[in-house]
Amino acid sequence: IRLIELDFIETSDGHLVAAHDWRMWKKISGFSGSIPPTMKEFKSRKILEKYTALSLSDVEDWFRRHPDAIVVTDKVNDPRAVADKFRMKDRLIMELFSWDAIESARLLGIKSAMPSWQLIESSNMDVEELREMGIKHVAITRGKIIPNFDFIKDAKAAGIKFYAFN
């Protein structure tokens with residue numbers, strides 16, 4: 001496994017951490033304070049009473065030890081918010097939800113600005129337009145694969161990969 005999906009959210013004191021959302025984190029960490037927590041509060045809690053909560057620094061440390069790994073994230077539609085803090089932009093794939101965010105990520109040197117399928121669908125983009133924009137990956141929910149199979153097959157032939165999720 002070399003592509004690892006992590007959601008990044010911000011603590012109350014402005015640090016990025018790996019967590020899906022604060023309500024879920026509060027439930028699985030047993031935290032009883034108000035959310036979002038501070039970084040100190042976040043790091044003081046174990047997930048399911050045994051797993052270490054990961055700060056962005058912890059994630060970067062792991063990625064330094066695994067130079068062939070790539071992080072995929074989808075929670076932040078502001079590429080600069082992550083790119084300014086995550087120092088390994090060349091190993092970052094971001095699912096994004098607007099063409100402005102896609103362009104911003106490209107200019108920031110992020111490995112791959114991955115448009116959400118809804119963005120492509122609502123724009124009526126064709127495979128050639130995506131290729132010309134330098135799109136290398138597209139995020140798609142598994143329920144949209146069969147109805148769009150021909151498009152996906154053509155995109156694959158053009159070198160575009162799909163990141164399927166449920």
Side-chain angles (χ1 to χ4, degrees), residues 1-120 133-145 160-166:
I1 297 172
R2 288 297 167 242
L3 279 108
I4 300 167
E5 196 264 338
L6 293 171
D7 295 329
F8 293 111
I9 55 177
E10 199 169 68
T11 62
S12 62
D13 51 351
H15 298 275
L16 287 179
V17 296
H20 184 268
D21 64 69
W22 288 123
R23 287 190 323 173
M24 175 64 75
W25 175 82
K26 187 173 184 172
K27 180 179 176 181
I28 64 176
S29 72
F31 183 68
S32 60
S34 62
I35 51 177
T38 64
M39 173 64 89
K40 184 177 179 182
E41 291 169 328
F42 177 79
K43 289 295 290 174
S44 73
R45 305 301 306 179
K46 290 282 189 184
I47 307 299
L48 302 174
E49 299 181 355
K50 62 182 172 179
Y51 301 110
T52 301
L54 298 175
S55 68
L56 186 62
S57 178
D58 297 326
V59 171
E60 287 179 324
D61 287 346
W62 188 92
F63 273 83
R64 271 191 279 287
R65 292 190 311 274
H66 300 86
D68 57 341
I70 294 169
V71 67
V72 179
T73 191
D74 67 351
K75 285 285 188 247
V76 182
N77 198 43
D78 177 5
R80 185 169 299 285
V82 176
D84 283 351
K85 294 178 181 178
F86 188 74
R87 291 171 278 207
M88 298 175 216
K89 293 182 287 201
D90 61 327
R91 295 170 59 195
L92 178 62
I93 297 174
M94 293 185 79
E95 179 184 5
L96 299 165
F97 307 93
S98 75
W99 293 116
D100 287 342
I102 297 287
E103 180 62 13
S104 176
R106 191 184 67 74
L107 294 172
L108 289 166
I110 290 171
K111 178 178 182 61
S112 181
M114 179 171 58
S116 172
W117 177 256
Q118 297 93 304
L119 185 57
I120 293 168
M133 291 176 65
I135 300 299
K136 300 175 205 158
H137 302 91
V138 173
I140 189 168
T141 182
R142 69 180 179 89
K144 295 284 187 171
I145 294 172
I160 298 171
K161 297 179 180 180
F162 282 74
Y163 182 83
F165 62 92
N166 186 24

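Hydrogens, waters and symmetry mates are skipped; everything else that's a heavy atom, side chains included, is used.
Residues meeting the side chain to side chain donor-acceptor pair (under 3.5 Å) test with R65, sequence neighbours left out: none. Residues passing the side chain to side chain contact (heavy atoms under 4.5 Å, CB included) test with D7 are E5, H20, D74, K75, sequence neighbours excluded. Qualifying side chain to side chain contact (heavy atoms under 4.5 Å, CB included) partners for A113, counting only residues two or more places apart in sequence or in other chains: L96, I102, A105. With sequence neighbours left out, N166 forms a side chain to side chain donor-acceptor pair (under 3.5 Å) with R142. Contacts of K85 classified as side chain to side chain donor-acceptor pair (under 3.5 Å), with partners at least two apart in sequence or in another chain: E10. Scanning for side chain to side chain donor-acceptor pair (under 3.5 Å) contacts around D13 gives T11, with sequence neighbours left out. The salt bridge (charged side-chain N to carboxylate O under 4.0 Å, His left out) check on D78 picks up nothing, with sequence neighbours excluded. Legend: residues meeting salt bridge (charged side-chain N to carboxylate O under 4.0 Å, His left out) with D68, ordered by chain and number and at least two apart, are R2.
Judged as a ring pair (Phe, Tyr, Trp, His ring centres under 6.0 Å), the pairs with a partner in residues 65-98 (not counting sequence neighbours) are, in order, W62-H66. The stretch residues 32-57 participates, sequence neighbours left out, in these salt bridge (Lys or Arg N to Asp or Glu O under 4.0 Å) pairs: K43-D58. The side-chain hydrogen bond (donor to acceptor under 3.5 Å, both in side chains) analysis of residues 98-120, with sequence neighbours excluded, yields the pairs E95-S116, W99-S123, E103-R106, S112-H137, S116-Q118, W117-E121.
Taken from CD1 in I93 to OH in Y163, the straight-line distance is 8.5 Å, to the nearest 0.5 Å. Rounded to the nearest 0.5 angstrom, I35 CD1 and D21 CG are separated by 8.0 Å. Here F63 contributes atom CZ and R87 contributes atom CZ; the two are 13.5 Å apart, rounded to the nearest 0.5 Å. If you take CG on D61 and CG on L56, they are separated by 9.5 Å, rounding to the nearest 0.5 Å. Annotation: the span from I160 atom CD1 to M114 atom CE amounts to 13.0 Å, rounded to 0.5 Å.
In the displayed structure, R64 atom CZ is contacted under 6.0 Å by more than 12 heavy atoms of other residues, nucleotides or ligands. The environment of CZ in F165 is crowded: more than 12 heavy-atom neighbours from other residues, nucleotides or ligands sit within 6.0 Å.
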Report, one line per pair, each donor and acceptor closer than 3.5 Å where one atom sits in a side chain of residues 23-33; sequence neighbours left out.
unit_1, atom_1, unit_2, atom_2, d
K26, NZ, G33, O, 2.8
S29, OG, W25, O, 2.8
S29, OG, F31, N, 3.3

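With hydrogens and angles disregarded, no donor-acceptor distance shorter than 3.5 Å links the side chain of T73 to the backbone of M94.
When side chains are defined from C-beta on, V17 counts as touching M39, because their heavy atoms get closer than 4.5 Å. Contact check for P36 versus I9: no side-chain heavy atoms found under the 4.5 Å cut-off.
P115 and I120 make their closest contact through CG-CD1, 3.9 Å (heavy atoms, listed as atom of the first residue, atom of the second, distance). Taking both residues in full, the closest heavy atoms of F42 and A18 are given as CZ-O, 3.9 Å, listed atom of the first, atom of the second, then distance. When all heavy atoms are compared, the tightest approach of A81 to L16 is O-CD1, 3.7 Å.
A side-chain contact (heavy atoms from CB on, under 4.5 Å) with I110 is found for exactly one of L92, D90, V82, namely L92.
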